[in-house]
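Shown next, in structure tokens, is the structure this report addresses.
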Amino acid sequence: MQFAGRGLNSSTYQRVLTALIFLLCCFQSGRSQGCREGFVYDRRARQCIDVDECRTVPDPCRGDMRCVNRNGGYLCMTQSLYSQPAYPEPSFPDTSPLGPGPEPGPGPSYPIVSRPSTPCVLGYTLGEDGTCVDIDECEAQSHQCNPTQVCINTAGGYTCSCTEGFWLVGGQCQDIDECRYGYCQQLCANLPGSYSCSCNPGFNLNTDSRTCQDIDECETDPCTHGCLNTYGSFMCNCDEGFELAADGTTCTDLDECSFSDFLCQHTCLNTPGSFSCACPPGYYVFEDGRSCEDLNECDSGNNTCTTAQVCFNFQGGYTCLDPLICQPPYIEFSDNQCMCPAENPACRDRPFTILYRHMDLSSGRSVPADIFQMQATTRYPGAFYIFQIKSGNEGREFYMRQTSNVSATLVLARPVRGPKTVVLDLEMVTVNNVINFRGSSIIRLTIFVSEHPF
């Protein structure tokens, strides 16, 4: 308990001192070892002694402030004030009922205002009521804190501290980089005395201003077709037959027809998300959806032939065959055969019979290919047969290959492109040297070559 410099006159001071000594004597008999704050019990001296906080407390004052020990406490003073003349502060015994006080003696020195007219210690001023009141150095701007520090007024003095977000380094307040300590979940921006958290694209900052929440972008339907939300982003996908555009959100039609020339047998038609195949007139799209099948107009009745005509179907079309008319000296022998009678002198150097046959052929058919067969129906003892193409083979696309004594095969030697109609006279010559006989028969073969290779 300290009274020096607190506005007491000498007579009052002596009365207070006497009362304190009386109280000290009364309580010393209890031999209690408890002391007030700022004192510690000395077992050897069997009394409470002052604690020198300037030596025992780590860094009691900040910046360039100097620590001044006082009886039961301490003050933080600037260097300029610390160097002013000082006089010893009277110390009084600890009169606390908790334990004996220190022995009387000179206490630590501290500066005071040297004018005799000022009865208050340094840091206080005489008030209107004659009591000492604390000087607020912070409000009076009489403190020595540097511009980076904050002045905090204390009883009889002040301290220099740093605001939140700063720490004292070498007497200066320096900004704390909070971003180094992982305060933010994702992005952190250090600010003077503080920090700011933000999130990567695809996230929103939560209400705690530190953590981030994934944004479900699919809720806003950013994709043309399908959307899949991912952590911090999203992915778009497209329906079958479409591909994702460069912008990553829209879907463009996939032109399947450009991938291959073999998707369709004839024509490929691209459609949104798919494709379809089309066939030329005279064909229809088969069950597989890609190949073309000949449309038999003769069977379906979708033709223009009269009742007197015969409908002949070929690949991709049809033709109407007129009734057989045999040219003299030939006479009609059957529906498709004309005969020249042997008793008619005009038939001496002519083929005995002309048989009419029809067939179809795909354009560009691969070669060689056997396409037609001839065979003698009547055999004579001692006779042999010769098979040959008599007419219609000006381009040499065909030839005859004899397969036995009585048969031969018509072979396609070169591809024939349609649409085209080829008429071949295939001759079978009969030779019998025993009876000195030579005769021939003709098969007039009409070949309808289609426009397409199917």
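Residues take their numbers from the sequence shown, with the count starting at 1.
- When the shell of 6.0 Å around CD of Glu243 is examined, it contains more than 12 heavy atoms from other residues, nucleotides or ligands.
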In residues 179-189, what donor-acceptor pairs under 3.5 Å come from side-chain atoms, sequence neighbours left out?
residue	atom	partner	partner atom	Å
Gln185	OE1	Cys212	N	2.5
Gln186	OE1	Asn200	N	2.7
Gln186	OE1	Asn200	ND2	3.3

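- Checked against side-chain hydrogen bond (donor to acceptor under 3.5 Å, both in side chains), Asp255 has no partners two or more places apart in sequence or in another chain.
- By the ring pair (Phe, Tyr, Trp, His ring centres under 6.0 Å) test, Tyr231 is found to be paired with Phe203, residues two or more places apart in sequence or in another chain being considered.
- Counted within 6.0 Å of CG on Asp335, heavy atoms from surrounding residues, nucleotides or ligands total 12 or fewer; the atom is thus considered open.
- When side chains are defined from C-beta on, Glu53 does not count as touching Pro60, because their heavy atoms never get closer than 4.5 Å.
- Atoms CZ and OG1, from Phe242 and Thr224 in turn, are 10.0 Å apart once rounded to the nearest 0.5 Å.
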Output a table of donor-acceptor pairs, distance under 3.5 Å, between side-chain atoms of residues 264-273 and any protein atom two or more places apart or on a different chain; print 'none' if there are none.
residue	atom	partner	partner atom	Å
Gln265	OE1	Cys292	N	2.4
Asn270	ND2	Asp253	OD2	2.6
Thr271	OG1	Ser274	O	3.1
Thr271	OG1	Phe275	N	3.2

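- Scored by the side-chain hydrogen bond (donor to acceptor under 3.5 Å, both in side chains) test, Asp129 finds Thr131 as partners (sequence neighbours excluded).
- Pairs engaging residues 413-425 under the side chain to side chain donor-acceptor pair (under 3.5 Å) rule: Ser391-Asp425, Asp425-Arg444 [sequence neighbours left out].
- The SG atoms of Cys54 and Cys67 sit under 2.5 Å apart.
- Annotation: side chain to side chain donor-acceptor pair (under 3.5 Å) contacts involving residues 282-297, sequence neighbours excluded, comprise Asp288-Ser291, Asp294-Asn313, Asn296-Asp299.
- By the 4.5 Å heavy-atom criterion applied to side chains, Tyr124 and Val133 are not counted as neighbours.
- Residues meeting the salt bridge (Lys or Arg N to Asp or Glu O under 4.0 Å) test with Asp370, sequence neighbours left out: Arg401.
- Between Leu412 and Phe398, some side-chain heavy-atom pair lies under the 4.5 Å cut-off.
- Partners of Asp52 under the salt bridge (Lys or Arg N to Asp or Glu O under 4.0 Å) rule, at least two apart in sequence or in another chain, are Arg55.
- For Asn302, there are no side-chain hydrogen bond (donor to acceptor under 3.5 Å, both in side chains) partners two or more places apart in sequence or in a different chain.
- The shortest side-chain heavy-atom distance between Thr148 and Phe166 does not fall under the 4.5 Å cut-off.
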Please tabulate, for the side chains in residues 446-454, all donor-acceptor contacts under 3.5 angstrom to protein atoms that are two or more places apart in sequence or on a different chain.
residue	atom	partner	partner atom	Å
Ser450	OG	Ser363	N	3.2
Ser450	OG	His452	O	2.7

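- Remark: Asp136 engages no residue in a side-chain hydrogen bond (donor to acceptor under 3.5 Å, both in side chains) (not counting sequence neighbours).
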